[in-house]
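Quick note on labels: first sequence line is chain A, next is B, and so on, each numbered from 1.
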Amino acid sequence: MILTALDYRPGIIVLLPLIASCLIYVLGEHILPNYREAITFAAAFPMAALVYSMIPAALAGKEIGFTLLEIVKGVPLQFSVDAAGMIFACVASTLWIVTSCYSIGYMRGHGEKNQTGYYSAFAMCLTATMGLCFSANLLTFFIFFEVLTVATYPLVVHYRDEEGTRSGRKYLAYTLISGQLFFAGIVILYSFTGRMDFVPGGFVNTGDIPMPWMLAVFILMIGAGIVKAGVMPLHSWLPAAMVAPTPVSALLHAVAVVKAGAFCTLRVVLYVFGPEAARFCHGSEILAWMAVATILISSLIAIRKDNLKARLAFSTVGQLSYIILGIAILSPFAATGALYHIVAHAFMKITLFMCAGAIFVTTHRKNISEMIGIGRQMPVTMTCFTLASLAVAGFPFFVGFTSKANIIMGAISMGQPFFVATLIVSALLALTYLMPVVLLAFKRDFYNSQFPVKKEANLPMLIPIMITAACSLILGVMPNFGLHLYGLAAMAGNAIFGLSL
Amino acid sequence: MKNLPAYIVLLPLCSALLSLALSKIHKHLGRDVVFGALVGSLVLSVVQLVRVIQNGPIHYIFGGYKIPYGIEFSVDTINAVIVIMVCMLGVLSCMFAFNFDKNGDALQVGGAYTMHALLVLGMVGMTMTGDVFNLYVFLEITSLTAYCLIAMGGSRGIVSAFRYLLVGTVAATFYLLGVGILYSVTGTLNMSDMAACLKQGNNDSAMLMAMMFLISAFGIKMALFPFHGWQPSAYTHAHTGARPLIAGAMGKIPAYAMFRYLYCIYGKDFKYFRYVLLIIGVISVCGMIYGSVRAMAQKDIRKVLAYSSVAQIGYISLGFAIGSPLALAGAFLHMLGHAFMKGGLFFAAGAISWKYGTFDLNDFGRIYKRMPFTAGLLTVGALSMIGIPPTVGFFSKWYLACGAAQTHEYVYIFVLVLSSLLNAVYFFKVIEKVFVQADKNRKPLHPEGKGVTEAPITIMIPVVTCILMILLLGVFNVKVIDILLISLKGVAL
Amino acid sequence: MRKVLPLILIVICLGASFVTLDFLPEIGDPSSKPNTHTTDYYIEHATTETNAANMVTAVIVDYRAFDTMYETTVMFIAGVAVVLILASHPERKNRIRFRKVRKKESRDGKPVYRTINKEVVIPLIEPMIMLYAIYVLFHGEISLGGGFQAGALLGMTYILDVMVIPERDSLIRLPKDKSTALGGIGTFIYVLTGILCMAGGGVFLEYEKLPIPMHALEKHSTGMLLVEVGVAICVMATIITILNGIMERVHFDDDTD
Amino acid sequence: MMTQIETILAGKGIYFLTLLLLTLGLYGIIVSRNYMKKLICMNIMQVAVIFFFLCFAQKNSGTIPVAMKHIVHAVEYINPLPHGLMLTAIVVSLGTTGVGLALLTRIKEKYGSIEEKDIIEGEKQFR
C-alpha cells in the first residue's frame with residue numbers, strides 16, 4: 001500500500017497489548033490480582049482511544065501507517081490503516097475492554113485457576129488481532145495470523161484437563177494445517193506475481209498465474225481463513241473449543257479468532273485476488289456454495305443442541321458464513337454487508353455468550369432444558385439475551401438487520417436468488433433455535449419452583465452484557481452511531497469495487 | 001590485525017593445550033582459561049565478520065607461501081557468520097558445562113574442557129579452511145573430541161561413541177577417498193585452485209565419483225537421512241555439558257563443507273550438477289519426513305530432539321539442493337537458527353535434568369511453574385522448529401520455499417509444509433507436557449536456595465541468550481540474509 | 001540378508017572401481033597431474049626456500065606446517081581421550097596386571113644364562129635408543145627422520161622401562177596427569193613457534209620472520225627444529241599417556257562402586 | 001589382448017587392489033558382529049586409502065625425495081606431497097584406533113563382552 005502519511009499509531013496499538021502480555025506473564029504470579037488486571041486495563045483503554053483517534057483519517061480515505069523494518073528480503077513489515085481494518089480494529093479494541101471487565105467477574109466468581117496465563121494469552125491474542133487489522137501486506141498478515149493461532153491455544157486448553165487437551169489438539173490440527181497451506185499459497189503467489197501488499201480490488205491479474213494453479217493458490221490461501229471462520233466441512237474445532245471458559249468462547253467466537261478467519265478471507269479474496277481474478281478462477285463460486293451449505297446445516301444442527309454454549313457455537317458457524325457469503329458474492333453491497341456483519345455479529349454474539357456465562361456462574365447450569373424459568377432470577381440478563389437473539393435473527397431495528405439487508409441486496413444485484421432465499425430461511429432458523437431459550441426462560445409456570453429469588457450475576461459481568469446489548473440495539477437503529485462503522489464498511493466496499501462514494 | 005583468522009583458531013587451541021597443565025595448579029583454572037579463550041574467539045570472530053563485510057574476503061596463507069603451496073584460510077561472509085555461531089554456542093555451552101563437572105578430579109575437569117575447546121576449534125577450522133586436506137585434519141579433530149565427549153556420557157555413551165567412531169571413520173575415509181580422486185585429476189589441494197583446475201579439464205566422471213564419496217562422507221557426518229544411524233544415540237547419551245554443542249553445531253559444519261564442495265569447488269558448470277542436486281534433494285526430503293516420524297514415537301526428550309535433528313538437517317541440505325541464492329541463504333539462516341534452537345532446547349533439557357534429574361517427557365508436567373524461563377525457551381524453540389513467526393524457523397522456511405518457488409520445484413514447498421506439520425505434532429506434545437499435563441511429584445536435586453529459584457546463572461544465561469537469538473535472528477533476518485548474499489551471489493545457480 | 005546386502009554393495013563398489021580406473025592417472029606416470037601441478041614447485045624450491053634437503057619434511061613442517069600442528073594436536077587428543085575414557089579410580093578386579101616376572105635365579109643351583117638378562121641389557125639399550133631418537137630429531141630436515149619418529153622412540157624407552165622391569169623404579173616417573181599436561185605443552189611449543197613468527201611481524205608459522213638474529217634460511221631450520229621438538233615431546237607424552245591410561249581406569253558416574 | 005590386460009594391470013591394477021581392500025574393510029565393518037573385528041576392519045579401510053594416495057606419488061625411475069647434489073630435475077624425485085599427507089593420515093588413524101581400543105576396553109568392562117548382541121542386550125539396563 002502506498003502510504004500518504006507516516007503514523008506510528010498502528011505500531012503502538014500492536015505494541016501495547018504485547019507489552020501487557022509480557023508483563024502479566026512475568027509479574028503475574030508475584031503481584032496481586034488487582035494489579036494484574038490493572039495492567040490489562042492500562043493497555044486496553046489507551047489502545048481503544050488510539051484506535052478511535054484514527055477513525056477520522058480512515059473516513060477521510062487517507063492511508064496512514066508506517067514501515068517497521070524489512071521482515072524478509074523484499075517484503076517490509078508494514079502497518080497501515082484502511083477502512084476494512086479499521087472496522088475490525090474498532091470492534092476488537094472495544095470488545096477487549098468489555099470482555100476484560102466481564103472476565104474479571106467471571107474468573108473471580110468462578111474461582112478459576114491459571115488466571116495469569118489466561119490474561120497473558122488474552123492480551124497476546126489482541127496483539128495478533130490488532131496486527132491483523134493493520135497489516136499492510138500478506139506476510140505481515142500471515143505472521144500475526146500464526147501468532148494468533150498459537151496464542152489462542154493456551155486459552156483453549158485453559159482447564160488443563162483431558163477434554164481441554166483433546167480440543168486443544170483438534171484446534172491446533174485444524175489451524176496449523178490450514179496455516180501452513182496458507183504459507184505455501186503465499187509463497188507460490190509471491191513467486192508468480194512478486195507482490196504482497198493489499199490493494200483494494202486485488203493485485204492479481206487474470207493472466208498472472210496459469211489457470212489450474214490459480215485455483216489451487218486461491219484454495220490454499222482461503223483455506224486458512226475458512227478454517228478459522230468455521231466454514232462447514234472444517235468447522236469441528238469450533239464446538240470442541242467450547243470446553244474453554246466462557247470469556248474465552250466469547251473472545252474466540254465474537255472478537256478475535258473466528259473474525260480473524262473471516263477477515264483473512266476478506267483480505268485474500270478482495271484485497272489480494274480481487275473480484276475479477278476470484279471470479280475468473282471460479283474460487284468465489286466454490287466459496288459461496290460452501291457458505292450457503294454451512295449456513296443451512298449449522299442452523300439445523302444448532303436446533304438440536306441442548307447445551308447453550310454448543311447451540312451458540314453452531315449459531316456462530318452459521319453467522320460467520322454470512323460474512324463469507326457476503327465476500328463471495330463479489331458485489332459492493334455484499335462486501336459492505338459482510339464487513340458490517342463483522343461488527344454486528346461481534347456485538348450480538350458476545351452478548352449471547354456473556355449471558356450464557358453469567359447463567360453458568362450464577363446457577364451452574366449449562367443446558368437449555370435446565371433453564372426453564374430462569375428469567376425470574378436473572379431478568380436483566382435474559383432481557384439482554386432476548387435483544388441479542390432478535391438481532392441474530394435479523395429483526396429490523398437491530399444490528400443484524402442492516403448487515404443482512406446489505407448482503408441480500410448484493411445477492412439480488414448479482415442475480416443470485418438462491419442466496420437470497422438462503423439468507424431468509426436462515427433468519428427463520430435462527431429464530432427457531434434462539435427463541436425457545438427466551439420463551440422457556442420467561443415461562444411463568446416455573447418461576448417459583450426452580451428460581452425463587454432474584455439474583456443477578458455480579459456487576460463486572462452484568463455491566464458488559466448490558467453495554468453490548470445496548471450497542472446491538474443502537475447500532476441497528478443508527479448504523480453510523482459513534483464510530484461511523486457503517487460508513488467505514490461502505491467506504492471499504494466501494495473502494496474494493498472501484499466505485500466512488 | 002592481519003593475523004585475525006589465525007588468532008581465532010589459536011586461542012582455543014592454546015587454551016586447550018595448556019588447560020591440563022593449568023588444571024594441575026588449580027582444578028578450575030584450566031576451565032576458566034578455556035572459557036576466556038572461547039570468549040576471545042567470539043569477540044575476534046565478530047571483528048572478523050565486520051572486516052570481511054568492509055574489505056571483502058580474507059585470504060590468510062599460513063607460512064606466507066603462494067596460494068596452491070601453503071595452507072590457506074579463506075574467509076568470506078558466509079563462514080565468518082558460521083564461525084560466530086560456533087564460537088557463541090561454544091561459549092554458551094562451556095558456561096553451561098560448569099554445572100556438570102562437580103564430581104570429577106582435576107584431570108577429568110581439565111580434560112573435558114580441553115575436549116570442549118578442541119571441538120570448537122575443529123569446527124571453526126573446518127569452516128574457515130581453504131584447503132581440502134586441512135579440512136580432513138579438522139574433521140578428525142572434531143570427530144575425535146566428539147567421540148570422547150560422547151563417551152564421557154556414561155555407560156551407554158561409550159557404546160554410542162564406539163558406533164559413532166566406526167561410522168565416523170568410514171566417513172573420514174570416504175572423504176579422503178574423494179579428495180584423493182580430485183587430487184589425482186588436479187594435483188592440488190587448495191580449494192580455489194582446485195575449482196580452477198576442475199573447470200579446465202574434462203573430468204566429469206572423476207568429479208561425479210568423488211562427489212558420491214563426498215556426499216556420503218558429509219552425509220554421515222551431518223547425519224543426513226540414510227546415514228543418520230549413529231546420531232540419535234550419540235546425541236542422547238553424550239555428556240550433558242557438551243550435548244548442546246554437539247547437537248547444536250556439529251552437524252552444521254559438514255553441511256557447510258558440503259556446500260563448499262558443491263558450489264565453490266564444483267560449481268554450476270559441472271555436467272552432472274543437476275543430478276547431484278536431485279539426489280541430495282531426494283534424500284533430504286526423505287530425511288525430513290523420516291526424522292519427524294521417528295521423533296513422534298519417542299518419550300525421552302533427548303531422543304525427540306535427536307530425531308528432529310535428522311529432519312532439520314534435511315532443511316539445510318534441501319536448501320543446497322534447490323540452489324537458488326534465496327534458498328541457499330535460507331539454508332544458512334536455518335543453519336544458524338537451528339544451532340540456537342537445538343542448542344537451546346538441549347540447554348533447556350539440561351537445565352531440567354540439572355534440577356530434577358530427568359529427561360522423560362512424562363515428568364515434565366507443568367514444569368513452567370517452577371522454571372518459567374526454561375519453559376519459555378522450550379516453547380520458543382519448539383515454535384521455531386515448527387516454523388511459527390516471528391521465530392527464525394519461519395523465516396528460514398520462507399526463504400527455502402521462495403527459493404523452491406523461484407526454481408519451480410513446488411514439490412519442495414509442500415514437503416516443507418508437511419515437515420513442519422509433522423514437527424508440530426511432536427513439539428506441541430512437548431509444549432503440552434510443559435504447560436498442560438498434570439504436575440508430577442518431582443524432587444529437586446538441588447535445594448532452592450536464596451537467589452537460585454530456577455537454575456544457577458550459568459544455566460540461565462545460555463537459556464535466555466538462546467531465546468533472544470531465536471527471536472532476534474527471526475526479526476532481523478534480512479540483515480543476516482544480506483550479509484550471506486554478498487558471498488552467495490557469485491556461486492548460486 | 002545381513003551378509004548378502006553388503007556383498008551386493010561390494011560388487012557395486014568393485015564395478016564402480018572399474019569405471020574409476022578410467023580416469024585415475026597411470027602408476028608412475030611422471031606427467032600426471034598430481035606429479036606435476038604443485039609437486040614440481042615443492043621439489044624445486046624445497047632446498048632453496050626452506051633449507052631442508054628432505055622434501056617430505058619440508059612439506060610437512062614448512063609448507064604445510066599448519067596441518068602438522070593439528071596432526072600433533074590429534075595425537076594429543078588421542079592421549080587425553082584414552083585417559084579420560086580409561087583413567088582414574090581403578091577397579092581392582094579390572095586392572096590389567098602385568099604378570100610377575102618369575103625370577104629364574106637358578107636352576108639346579110646354577111645361574112641361568114640361556115636368555116638375555118633384561119636387567120642388564122635394558123639399561124644399556126635405553127640410552128642408545130634415546131641418543132638415536134635425538135639424532136633422528138635433529139636430522140629430520142636433512143635426512144630421513146623427524147619429530148614423530150623421535151617421539152615414538154622416546155616413548156618406546158619409557159615403555160620398555162615400565163613393561164619389561166615393572167618392579168624397578170624407572171628413571172623418570174610420569175603419572176597420567178603429568179604426561180597429559182606434557183603432551184599439551186609439547187604441542188604448545190609448536191604453536192609458540194608459530195606465534196613467535198607472528199611476533200616477528202610475519203604470518204603464523206612464517207619461519208623467516210622469527211625474531212632471532214639469523215640468516216633467513218637458518219631461521220627456517222631453527223623453526224623446523226623447534227617444531228620438531230614440540231612434536232617429539234607431544235608424541236612421547238602421548239605414548240606414555242596411553243600406557244598410563246591402559247594401566248588405570250576411569251570412574252563413571254553410573255559405576256556401581 | 002594379453003598385452004592390453006598387462007598394461008592395464010601394470011598401469012592401474014593397484015587401484016583395483018586398494019579399492020578391493022577398501023570394500024573388504026567396509027564389508028567387514030558391516031558384517032562382523034564382534035566390535036574388535038569391526039575396529040580391525042576400520043583400520044583396513046584406512047590403510048587402503050593410504051595406499052590409494054601413495055599410488056599418486058609414484059614416478060617411474062624416481063628416487064626418494066631427499067635432495068641430492070647430482071640429481072636436479074623434478075622428474076627424478078618422487079612426489080613428496082602424498083607422503084606428507086599420509087603421515088598425517090597415519091597419525092589420525094593411530095589416534096582413532098587408540099580411542100577405539102580404549103572404548104572397547106571400557107565396553108568389555110561394562111558389558112562383559114564385545115559381541116554386538118550382548119551389548120545390545122546390556123544396553124537395556126542403563127538409561
Side-chain angles (χ1 to χ4, degrees), chain B residues 2-3 6 10 13-14 16-21 23-24 60-66 68-71 103 105-108 110-112 114-115 118 121 125 131 133-134 137-138 140-141 144-145 147-148 151-152 154-155 158 181 183-189 193 197 201 203 205-206 209 212, chain C residues 16 19-20 22-25 32-39 41-42 45 49 62-67 69-71 73-74 76-78 80-81 83-85 87-88 176-178 180-188 191-192 194-195 198 202-209 250 252-255:
Chain B
K2 68 170 179 179
N3 291 318
L10 287 179
L13 177 63
C14 291
L17 295 175
L18 296 178
S19 152
L20 278 165
S23 292
K24 279 184 70 65
Y60 184 84
I61 305 164
F62 291 94
Y65 293 100
K66 284 199 290 291
Y69 309 118
I71 290 171
N103 43 12
D105 58 6
L107 182 70
Q108 279 179 312
T114 306
M115 291 299 164
L118 287 171
L121 159 88
D131 187 282
F133 196 78
N134 196 232
V137 179
F138 280 121
E140 279 298 343
I141 289 186
L144 274 172
T145 46
Y147 305 149
C148 186
M152 284 168 75
S155 298
I158 46 177
I181 292 171
Y183 178 68
S184 78
V185 293
T186 60
T188 180
L189 293 171
D193 192 35
C197 290
N203 303 314
S205 55
M209 186 87 182
M212 288 299 116
Chain C
V19 185
T20 320
D22 201 40
F23 52 76
L24 288 171
S32 69
K33 267 278 180 185
N35 280 343
T36 51
H37 184 70
T38 50
T39 311
Y41 179 89
Y42 287 133
H45 295 76
E49 274 188 5
D62 203 333
Y63 291 105
R64 301 184 66 84
F66 192 63
D67 259 359
M69 186 169 94
Y70 288 109
E71 185 187 346
T73 315
V74 167
F76 168 68
I77 293 173
V80 179
V83 167
L84 282 180
I85 295 165
S88 92
K176 59 185 186 305
D177 49 343
K178 279 185 191 153
T180 43
L182 187 66
I185 288 167
T187 317
F188 186 68
V191 182
L192 203 63
I195 291 172
M198 292 203 286
V203 295
F204 191 66
L205 288 169
E206 190 178 11
Y207 298 135
E208 276 169 36
K209 298 282 170 63
V250 167
F252 277 163
D253 290 346
D254 54 356
D255 276 341

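For B:A6, the part sitting under 4.5 Å from any heavy atom of chain C is the side chain, from C-beta outward, and nothing else. The contact between C:T39 and chain B is made entirely by side chain atoms (from C-beta outward), counting heavy-atom distances below 4.5 Å. The contact between B:L18 and chain C is made entirely by side chain atoms (from C-beta outward), counting heavy-atom distances below 4.5 Å. Using a 4.5 Å cut-off between heavy atoms, C:S32 makes no contact with chain B at all. Residue C:Y207 does not touch chain B at all, counting heavy-atom pairs closer than 4.5 Å. Heavy atoms closer than 4.5 Å to chain B are found nowhere in C:L182, neither backbone nor side chain. In this structure, chain C has a heavy atom under 4.5 Å from the side chain of B:L13, while its backbone stays farther away. With a 4.5 angstrom heavy-atom cutoff, B:T188 touches chain C via backbone and side-chain atoms both.
Atom CZ of C:R64 and atom CG of B:N134 lie 7.0 Å apart (nearest 0.5 Å). Once rounded to the nearest 0.5 Å, the distance linking OH of B:Y147 with CD1 of C:I77 reads 11.0 Å.
Between C:E71 and B:E140 the shortest side-chain heavy-atom distance does not fall below 4.5 Å. Annotation: side chain of C:F66 is not in contact with side chain of B:V137 (no heavy-atom distance under 4.5 Å). Looking at heavy atoms from C-beta onward, C:M69 lies in side-chain contact with B:L10 at the 4.5 angstrom threshold. Between B:L20 and C:D177, the closest side-chain pair of non-hydrogen atoms is not below 4.5 Å. Looking at C:F23 and B:N203, their side chains never come closer than 4.5 Å, going by heavy atoms from C-beta outward.
Nearest heavy-atom pair, B:G111 versus C:V80, reported as atom, atom and distance to 0.1 Å: CA-CG1, 4.1 Å. A pairwise comparison of heavy atoms in C:A81 and B:M115 identifies N-CE, 3.7 Å as the closest pair. Across all their heavy atoms, C:L84 and B:M152 have their closest contact at CD1-SD, 3.9 Å. Pairing each heavy atom of C:L24 with each of B:S184, the nearest pair is CD2-OG, 3.3 Å. The shortest heavy-atom contact between B:I141 and C:Y70 is CD1-CD2, 3.4 Å. Between C:V203 and B:G64, the shortest heavy-atom contact is CG2-N, 3.4 Å.
C:T187 is linked by a side-chain hydrogen bond (donor to acceptor under 3.5 Å, both in side chains) to nothing, counting only residues two or more places apart in sequence or in another chain. Take C:Y42 and apply the side-chain hydrogen bond (donor to acceptor under 3.5 Å, both in side chains) test, not counting sequence neighbours, and it matches no residue.
Using bins of under 30°, 30° to 60° and over 60° for the plane-to-plane angle, the ring pair B:F62/C:F204 lands in the perpendicular bin.
With 3.5 Å as the limit, one finds a donor-acceptor pair spanning the side chains of C:D62 and B:Y65.
Taking chain C as the reference chain and counting heavy-atom pairs below 4.5 Å, the highest number among B:D131, B:T114, B:I61 is found for B:D131.
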